[in-house]
Structure formats: structure tokens, C-alpha cells
Asker: 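Here it is: the structure, laid out below.
A, B, ... follow the sequence lines: proteins, then strands. Residue 1 opens every chain. No hydrogens, no waters, no symmetry mates; every other heavy atom, side chains included, goes into these values.
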Number of protein chains: 2
Amino acid sequence: MNLTEAKQQFVQSWGVLGSQWGINRTMAQVHALLLIAEKPMSTDDVMEGLNISRGNANMNIRELMDWGLVDKVIISGDRKEYFSADKDIWRVATRIMAQRKKRELDPMLKVLNQLTDLEGDKKDPDIKAFTEVIGGIRKFAGHAEKTLDTIIRAEENWFLNSFIKILK
Amino acid sequence: MNLTEAKQQFVQSWGVLGSQWGINRTMAQVHALLLIAEKPMSTDDVMEGLNISRGNANMNIRELMDWGLVDKVIISGDRKEYFSADKDIWRVATRIMAQRKKRELDPMLKVLNQLTDLEGDKKDPDIKAFTEVIGGIRKFAGHAEKTLDTIIRAEENWFLNSFIKILK
DNA sequence: CACGTTTTTCACAAAATCTTGAAATTTCAG
DNA sequence: CTGAAATTTCAAGATTTTGTGAAAAACGTG
């Protein structure tokens, strides 16, 4: 396999992976493209690289910036905007965790907390059973939240940090 | 909030969460419904509970069984099949991890491995840069794989098991 | 500040995904 | 075995998600 084929393969696979995780396939492909780019790319480069429209390229690049996975790069003497992806996979992973935690886990915890105190006889076996299941999920989600927070702020934690170094 | 409202709220939220994770919204709702059901439900119960068609209910229940999240329950004296969801959230989580690892991480690792030895001059800076990025991702994915395997087989590992007990 | 360039927006189109419902198949009690 | 009940399948339709491209807005150079 040569470099060009390998790059195509990677962009393709990264896109599939993303779509399985509820991330727009094209957004994942743009990310892949920028990850393996020699140097920052312009919107036009991305359009050409993936055969997508300007609007599509623009929206996905913008969203990648929202996620903190891609940065805008100014190239002096050029009026166009260029973009490059963070190549540190650990940082990529923590950024993604942080985003998803904020968008999904936190709202879910809010709902779960609301569901734990509901009106009615606390002795009612139906209510007890429900409260128990919700309580279990809430406990789990709460620990997940704590664990994620720790990982996300890993730099501040020597124990986990040394653990992470092994992973790196 | 009363029990009925709370149940609806939970089914709704669980469905949203699932769809954000690349899981069919209805499948997640069926799962939620079974999680908080007092007793095993039939296909008809699910159809009525979520206002969905028989085919839809059937397919999603079947898929939940594939994931190992729902079991078929025989009620003697009744010809219908009944279903109930595993209420142990830790087990639910490990089952999901195991499925996703198999379906997503493992294929990705296979691709990454293929991409590391490609033809061409190993000294070519383009090739070197590419190999480096892929190598980083592969290393990360490899560690993720090991970690997940450990978690999934946690029962066999006293150290992690005691760690997990804290989480439970 | 005028004007060409670049970026953003957004209504509509296309594509991907999910749902339905009825027919085909399977199951099992009698 | 038989036949009614239950389950499964799947083509067609509905819905949701994603992509396009041209117009509008923003930008920044001279």
C-alpha cells in the first residue's frame, strides 16, 4: 500500500468510526484529513480532498473547532484561513470526553436526579422498584462523572497522571 | 412528579441518550421500558407502551437480546414470549463496552495495523509524519483495547474488581 | 471607504435511516 | 398432524439527518 492509498483508507475508516459514535461521518473525515495533513489546510483544500461542498466543509470545520480538535492557523501574506488538527491523541480523547460529558452525561444526571424524588407512597412496591433502578443508574453515572472529571483534569493529578503516562 | 410521568420521562431521556451514542432511539426506549418494568413484558406490551408497530418492536427486542441486555422469559401457561432487561447497570455497561469493542475498536485496530507498514522510502518526511500519527493512534487504541478487555473480564481480576466495587 | 475575496448562512435537495403492516413462517396445544 | 396464535421478514413509505450551492454577510487591503 502506498501513502496516498493509506491516507484514503484512514480517512474512510475514521469516518466510519465516527458515524458509529453519533458523529457526523463527514466531520470525522475532515478531522482525519487534517490529522494526517502535512501542513494546515484551507477550506478549499478540504473541499477538494473530500469532494464536498463549501457549506459542508465550513460547517464541519467550525464544529471541529467547537470541539477543540482543530485550530485556525494564520498564514501571513495569505488572506485565507487555514486549519490544523491537534496531533496529540491523548488530548484529542480528553477533549472528546469533555464535550460528550457536558452534552450528554450532565443532562442525564440532571434528569435522573429529578426522577428520584417523586410523589406517592414511598412504600409502594412499584415506586420502590422504580426508585431503585433509577438510583442504580444514577450512582453509576455519578461515578462515571467523577472519573471523567479526573481524567479530563489529569494534569493536576499525579497518581492518575503517572497511570496515564503508561497509556500514552 | 408521579410515577407514570417519571417513567415516561425516563424512557424519553434514555432514548435521547441512546441516539446520541449511535444507537437507534427506539431500541434505547425499549430498553428503558424493560428496565423499569415491574415484570417481564410481551411484544404487545412494548408495542402499546411505545406506540410502535409489531415489526419495529420485534426487531428492537431481538437486537437488545443480541447485545445481551435483554433476556427472553418463559411464563408457564402462556404461549407468548416475555422479555426482561438486566437491572444490574454495571453488567449493562460492560456488555455494551464488549459489543462496541468488538464491532468498532477491533476493526479499527486492524486497519491501523495495515497502515503502519507501507511501501516507499521510510526516510521520506511525508511517510514518516503519517506513520507517526497513525502510530500514536494505534498505541492509544491498543491500550484502550487492553483496558477494556480487563474491565470486561473484571470478575477474573482481583485488583480491578475491588476497584470496581467502589464504583458499584 | 470601496471593492474584490473569503466566510457564513439557509432553503431546498439528496441520502441515509427507521417504521410500518401485511404476508410468510414458525410454534405448539390439542 | 392441524390450525390458531405468535413471531419474523421485508418492500414500500415516512422521517430524520446530512449536503448543496448560491446569496448574503463579513472581511481586509489598497
Asker: Grab the CD1-P distance between Ile61(A) and dT8(C) for me, whole Å please.
Answerer: 9 Å
Asker: Give me the ring orientation class for His31(B) and Trp14(B): parallel if the planes are under 30° apart, tilted from 30 to 60°, perpendicular past 60°.
Answerer: tilted
Asker: Send over the distance from Tyr82(A) OH to dT5(C) P, rounded to a whole Å.
Answerer: 15 Å
Asker: Whole angstrom is fine here: how far is it from CD in Gln20(B) over to P in dT17(C)?
Answerer: 18 Å
Asker: For Glu81(A) and dA25(D), what is the distance between atoms CD and C1' respectively, to the nearest whole Å?
Answerer: 14 Å
Asker: What's the closest nucleotide to the Arg79(B) side chain, out of dG3(D), dT20(C), dT9(D)?
Answerer: dG3(D)
Asker: Between Leu50(B) (CG) and dT20(C) (P), how many Å, whole number?
Answerer: 10 Å
Asker: Taking a hydrophobic cluster as the set of Ile, Leu, Val, Met, Phe, Trp and Tyr residues connected by side-chain heavy atoms closer than 4.5 Å, whether directly or through intermediates, do Val111(B) and Val16(A) fall within one such cluster?
Answerer: no
Asker: Nearest whole angstrom, please: distance from the C1' of dT8(C) to the CG of Asn60(A).
Answerer: 14 Å
Asker: Any idea which of dT8(C), dA6(D), dT6(C) is nearest the Lys80(B) side chain?
Answerer: dA6(D)
Asker: If you check the Thr26(B) side chain, which of dT7(D), dT20(D), dT19(C) turns out closest?
Answerer: dT19(C)
Asker: Linking I/L/V/M/F/W/Y whenever any side-chain heavy atoms sit under 4.5 Å apart, do Val73(A) and Val46(A) land together?
Answerer: no
Asker: Considering only dG19(D), dT19(C), dT9(C), which nucleotide approaches the side chain of Asn56(B) most closely?
Answerer: dT19(C)
Asker: In whole Å, what is the span from the CD atom of Glu63(A) to the P atom of dT17(D)?
Answerer: 14 Å
Asker: Specify the separation, in whole Å, of atom CG of Asp45(B) and atom C1' of dT7(D).
Answerer: 15 Å
Asker: Could you check Asp78(A) against Arg25(A) and say which one's nearest nucleotide on DNA chain D is further toward the 5' end?
Answerer: Arg25(A)
Asker: Would you classify Asp44(A) as touching base, sugar-phosphate or nothing, given that sugar-phosphate means primed atoms plus P, OP1 and OP2, and contacts are heavy atoms under 4.0 Å?
Answerer: nothing
Asker: Please name the residue in the list Lys102(B), Lys101(B), Arg100(B) that meets the side chain to side chain donor-acceptor pair (under 3.5 Å) test with Glu104(B).
Answerer: Arg100(B)
Asker: Where the side chain of Asn24(B) is concerned, which of dA6(D), dT19(C), dT18(D) is the nearest nucleotide?
Answerer: dT19(C)
Asker: Which sits closer to the 5' end of DNA chain C, Ile23(B) or Phe83(A), going by the nucleotide each is nearest to?
Answerer: Phe83(A)
Asker: Could you tell me whether Lys7(B) and Glu38(B) make a salt bridge, using a distance below 4.0 angstrom between a side-chain N and a carboxylate O?
Answerer: yes
Asker: When all nucleic acid strands are considered with a 4.0 Å heavy-atom cut-off, which category describes Arg62(B): base, sugar-phosphate, or nothing?
Answerer: sugar-phosphate
Asker: Counting heavy atoms from C-beta on, name the nucleotide in dT8(C), dG21(C), dT8(D) closest to the side chain of Ser53(B).
Answerer: dG21(C)
